[in-house]
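Residue numbers count from 1 along this sequence.
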Amino acid sequence: MEADPINVLLYDIREMRKRLDEMEKALLMLKARLVEEEEGESPEEIEALEREALESGKEWEELKRELGL
């Protein structure tokens with residue numbers, strides 16, 4: 001049984017979106033880290049804030065607004 005080319009493309013697009021979302025989150029975390037370092041926070045404080053954001057499920061759109069992106 002041969003896979004429907006359209007379904008294969010849709011699957012590929014969904015997988016690419018997932019990877020892009022993961023990359024966007026990683027970049028936002030790096031940006032947040034840079035902002036916090038510029039504000040003089042210690043690496044321990046920054047890591048605690050990152051863990052808190054990930055555990056609380058903070059919306060990435062909200063994080064973007066806070067970072068001015």
Side-chain angles (χ1 to χ4, degrees):
M1 184 168 138
E2 190 173 315
D4 180 17
I6 293 174
N7 286 334
V8 171
L9 286 174
L10 289 172
Y11 174 80
D12 288 344
I13 290 170
R14 282 191 294 273
E15 289 301 308
M16 282 191 275
R17 281 186 183 159
K18 286 179 190 175
R19 285 191 295 250
L20 286 172
D21 286 344
E22 291 170 6
M23 291 169 61
E24 182 181 20
K25 288 177 185 178
L27 288 170
L28 283 171
M29 293 305 288
L30 286 173
K31 176 70 175 174
R33 180 178 285 268
L34 287 173
V35 167
E36 291 163 350
E37 284 178 358
E38 288 173 0
E39 292 176 358
E41 295 189 34
S42 72
E44 293 82 18
E45 290 173 317
I46 294 170
E47 288 176 16
L49 290 170
E50 288 173 348
R51 275 193 307 276
E52 179 183 327
L54 289 173
E55 290 171 0
S56 70
K58 189 173 196 176
E59 292 293 320
W60 293 107
E61 294 301 319
E62 182 181 334
L63 183 57
K64 280 191 222 178
R65 283 192 301 277
E66 287 178 11
L67 294 173
L69 301 176

Please determine whether the number of non-hydrogen atoms from other residues, nucleotides or ligands lying under 6.0 Å from atom CD1 of I6 exceeds 12.
no
Side-chain hydrophobic cluster, 4.5 Å single linkage: members besides L27
L30
Kindly give the cluster partners of Y11, where membership spreads through any ILVMFWY side chain lying under 4.5 Å from a current member.
none
Are E15 and K18 within salt-bridge range, i.e. N to O under 4.0 Å?
yes
